[in-house]
Amino acid sequence: MTAPFDSSAPAPRPGGIAARALGRAAAPTPDYVARLNPEQRMAVETTEGPVLVLAGAGTGKTRVLTTRIAHLLATQKAYPSQILAVTFTNKAAREMRHRIGDLIGPSVEGMNWLGTFHSIGVKILRRHAELVGLRSDFTILDTDDQIRLMKQVIQAENIDEKRWPARQLANLIDSWKNRGLTPEDVPPGDGGSFADGRGVKLYKAYQARLKTLNACDFGDLLLENLRLFREHPDVLRDYHQRFHYMLVDEYQDTNVAQYLWLRLLAQGRKNICCVGDDDQSIYGWRGAEVDNILRFEKDFPGAVVIKLERNYRSTSHILGAASHLITHNEGRLGKTLFTDAVDPNAARVRVASAWDSEEEARAIGEEIEALQRKGHRLNDMAILVRASFQMRSFEERFVSIGLNYRVIGGPRFYERQEIRDALAYLRVVAQPADDLAFERIVNVPKRGIGETTVRLLHDHARARDIPIIEATDELIQTEEIKSTKTRTALRDLLASFGRWRSRLDDMKHGELAEMILEESGYTDMWQQDRSADAPGRLENLKELVRSMEAFESLGGFLEHIALVMDTDNTENQDAVSIMTLHSAKGLEFETVFLPGWEEGLFPHQRSLDESGRAGLEEERRLAYVGITRAKQRAMIWFSSNRRIHGLWQSNVPSRFLDELPEKHVEVIEQTSSYGGYNVGGVGNYGASRFDRADPFTNTYSTPGWQRAQANKGSAQAHARAVPRQIEGELVAKSTGSASKYKLGERVFHQKFGYGAVIEIEGNKLTVDFEKAGSKKVVDSFVTKH
DNA sequence: CTGGAGCGTAAGATT
DNA sequence: TACGCTCCAG
């Protein structure tokens with residue numbers, strides 16, 4: 001993929017810094033500092049005390065962070081191991097390490113405390129596990145295990161699991177953990193509705209089970225850190241000593257727990273530098289508190305706030321469009337991006353429409369191919385969608401036309417069933433107390449050990465408070481398991497585990513894994529499987545074994561799997577990237593396509609329902625993130641119809657389209673081979689604004705645009721002052737003839753099927769379809785029947 | 001205990 | 001529409 005990070009104007013100059021980092025005297029104005037703009041420079045040189053860097057999109061955020069670290073090292077204010085640098089994603093951590101390496105050379109290896117919140121949290125927790133009731137080899141549960149465990153807890157409390165699903169409890173507990181709340185801290189009445197007020201009780205039971213299993217979930221990694229620091233001030237003091245300087249990336253995404261964690265650690269030397277952009281806070285749904293960044297100065301007295309507003313990434317049209325859009329948000333700190341690079345030939349942000357998602361995909365495909373013919377690389381283009389289901393139409397289309405694409409952040413490798421099964425085997429071998437792993441594979445492949453037996457084992461384990469594998473060992477000595485077949489199967493399985501475990505020290509773990517998969521019959525199971533995806537699964541298993549070789553120990557490998565979510569498939573092929581807007585944050589591309597700007601999808605209905613105005617603002621920030629990913633070209637699409645839950649639904653253009661400034665936007669009339677549907681799907685108008693002499697005059701006066709406006713119906717908070725026309729009038733003007741259909745006539749529509757005309761307005765029909773219900777369609781899309 | 005049929009519900013993002 | 005889960009029969 002294209003250089004996925006902030007590209008600041010000045011190029012790095014590695015040499016000088018490396019030398020200084022090794023201990024030479026610092027020059028008065030080091031090269032790397034002189035090449036920064038004044039604000040960046042201030043952010044780098046203000047090393048002492050709390051600093052908040054408000055870095056707009058494309059203003060050189062990563063550059064500031066990495067240069068700051070290089071500066072701390074070059075001026076010998078700290079050793080690499082004395083700098084704590086935290087990011088949210090593994091990708092960001094990797095990139096930062098890489099870029100610091102470019103600046104300072106191999107001494108970046110000494111940066112032991114550069115990583116994600118979670119990976120640093122685990123590292124600290126493993127060192128002091130016993131202080132919070134864990135052993136240092138504790139297991140990290142992923143969401144799937146987490147939910148299975150909660151299911152068990154819910155059942156153990158005799159609560160109707162259908163009425164109170166584990167999934168929901170998981171969300172509730174997660175939200176408590178995000179807010180830094182242990183079961184004891186949860187305010188009375190909070191989450192009281194769950195299971196009639198038994199939520200906290202379940203939380204407590206769940207935590208107790210985790211301790212028995214010697215396990216942690218993601219939330220615990222931080223929560224247990226907080227407990228550790230609070231209950232053991234000596235430990236905290238130790239880290240105060242250790243961390244001379246702290247740096248935090250994407251501060252706008254921190255949740256309360258992370259904030260508390262940072263604050264505890266920063267109490268020591270107070271040298272904390274947080275970099276973020278309130279306009280790019282898009283993770284409120286998972287507990288991020290924009291408030292953290294908004295009140296930084298209050299939380300860290302004496303803080304210096306530095307704004308980076310000079311953008312080095314995008315054209316002025318792109319910046320203008322994004323900036324204007326985001327001004328519709330309240331509750332922001334307020335930055336205005338600007339650029340010196342004013343290119344009179346730069347393209348405006350283009351807005352186009354499609355009839356449905358297939359046409360949208362086809363049209364974008366054509367745009368991409370056109371660019372390709374002009375010599376642009378696919379690697380420089382990206383399609384950013386709101387929701388992952390949108391990816392499908394693009395994939396289908398691109399497969400059929402043979403256009404290379406790459407899906408970023410799709411289903412993760414280790415989340416696949418076969419990988420999780422294989423890992424469960426490894427976990428049982430490495431961590432005998434891992435009951436969840438045992439329960440997962442005890443009957444995979446089928447061994448005749450059914451639900452009844454597993455429950456028996458489980459109950460015995462709970463009653464004796466021992467790991468299930470020990471309970472099994474005890475039970476197979478007795479007659480309690482009636483079936484001799486089952487008993488033999490269990491005995492064999494336990495014997496296998498023992499055998500594998502005994503080889504842990506004298507075999508390479510890759511080979512051991514292979515042996516386990518072979519002897520357990522797991523590989524065999526997939527070889528017997530005749531389904532289409534079985535070969536792929538076997539391939540994945542091989543890949544898993546291969547990837548193990550890079551790790552020192554089985555434990556190290558398992559930890560990597562638990563924490564490092566992204567498989568880095570940076571293939572060198574030229575390909576268009578398809579990803580969600582969320583995973584696009586931090587990336588940049590020459591050309592960006594933004595499909596699906598429709599009310600309900602973007603802004604997403606659920607966001608509006610759940611969080612109201614705050615939700616809308618977060619969606620708007622997401623739109624802002626999307627547009628600002630583009631360096632040269634941004635093209636926004638919406639389609640009039642989209643299939644959701646298998647039903648066709650007609651859409652209204654996103655309100656965000658209204659919020660784009662006219663002078664930076666160009667509305668495109670579709671003239672594709674499929675008949676060219678316009679904004680709102682009214683049909684081909686023939687003559688368009690392109691007939692006019694000056695194509696850059698008021699683009700909003702195009703009929704399609706007005707139709708979009710009219711279509712929108714209900715007034716929005718920030719509706720523009722755009723000339724509106726009554727639909728009928730507009731339609732009449734556009735076609736000049738009345739419809740050839742009659743009321744009550746039976747018609748056929750390609751997408752909606754059969755139906756009866758119940759209303760006629762010019763060339764527009766309202767049809768009551770048998771399957772799809774009542775829809776407004778243009779008469780050219782239906783045929784008489 | 002296993003496999004298949006039928007029903008219901010869900011399709012936002014991440015460590 | 002698609003998949004996951006429950007229920008039922010063998």
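Residue numbering restarts at 1 for every chain, and letters A, B, ... go by the order of the sequence lines. It should be emphasised that the depicted structure is a prediction, and the values quoted were computed from it without experimental measurement.
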Quiz item: What is the 5' to 3' range of DNA chain C, first to last nucleotide, that sits under 4.0 Å from any heavy atom of chain A?
Solution: dT1(C) to dC7(C)
Self-check item: Given DNA chain B, 5'-ward residue of the pair S607(A) and F117(A), judged by closest heavy atom
Solution: S607(A)
Practice problem: Please work out if Q146(A) contacts a base, only the sugar-phosphate, or nothing of the nucleic acid, heavy-atom cut-off 4.0 Å. | Solution: nothing
Practice problem: Could you tell me the separation between the CD1 atom of I561(A) and the C1' atom of dT15(B), rounded to a whole number of Å? | Solution: 14 Å
Quiz prompt | Ring centroids of Y283(A) and dA13(B) base under 5.5 Å with planes under 30° | solution = no
Quiz item: Does the pair K91(A)/E95(A) count as a salt bridge with the N-to-O cut at 4.0 Å?
Solution: no
Quiz item: Would you call R655(A) and E659(A) a salt bridge, taking side-chain N to carboxylate O under 4.0 Å as the test?
Solution: no
Quiz item: Nearest to the side chain of H604(A), which nucleotide is it out of dC1(B), dG12(B), dT14(B)?
Solution: dG12(B)
Short N/O separations, protein against nucleotides 2-7 of chain B, under 3.5 angstrom:
{"from": "dT2(B)", "atom 1": "OP1", "to": "G448(A)", "atom 2": "N", "distance (Å)": "3.2"}
{"from": "dT2(B)", "atom 1": "OP2", "to": "N443(A)", "atom 2": "ND2", "distance (Å)": "3.1"}

Practice problem: List the atom of V290(A), the atom of S281(A), and the distance in Å for their closest heavy-atom pair. | Solution: CG2-OG, 3.6 Å
Practice problem: For V454(A) and for S583(A), locate the closest nucleotide of DNA chain B by heavy-atom distance; then report the residue assigned to the nucleotide nearer the 5' terminus. | Solution: V454(A)
Quiz item: Which nucleotide in the set dA13(B), dC1(B), dT15(B) lies at the smallest distance from any side-chain heavy atom of T580(A)?
Solution: dA13(B)
Quiz prompt | Nucleotide of dA13(B), dT15(B), dG12(B) approaching T89(A) most closely (side-chain heavy atoms) | solution = dT15(B)
Exercise. Take the protein atom CG of L622(A) and the nucleotide atom C1' of dT14(B), then report the distance between them rounded to whole Å.
Key: 14 Å
Quiz item: Between dG12(B) atom C1' and W597(A) atom CH2, what is the distance in whole Å?
Solution: 16 Å
Self-check item: Minimum-distance nucleotide to F218(A) side chain [options: dT14(B), dT15(B), dG12(B)]
Solution: dT15(B)
Practice problem: Rounded to the nearest angstrom, tell me the gap between atom CG in L563(A) and atom C1' in dT14(B). | Solution: 13 Å
Quiz item: According to a strict under-4.0 Å criterion, is S483(A) in side-chain N/O contact with OP1 or OP2 of dC1(B)?
Solution: no
Quiz item: Nearest to the side chain of H582(A), which nucleotide is it out of dG12(B), dC1(B), dA13(B)?
Solution: dA13(B)
Quiz item: For atom C1', what is the distance between dC3(C) and dT14(B), given to the nearest Å?
Solution: 23 Å
Self-check item: Sugar-phosphate only, base, or nothing, as touched by H118(A) at under 4.0 Å among non-hydrogen atoms
Solution: base
Exercise. Give the rounded distance in Å between these two atoms: NZ of K177(A) and C1' of dT15(B).
Key: 13 Å
Quiz item: What is the distance, rounded to the nearest whole Å, between atom CZ of R167(A) and atom C1' of dA13(B)?
Solution: 12 Å
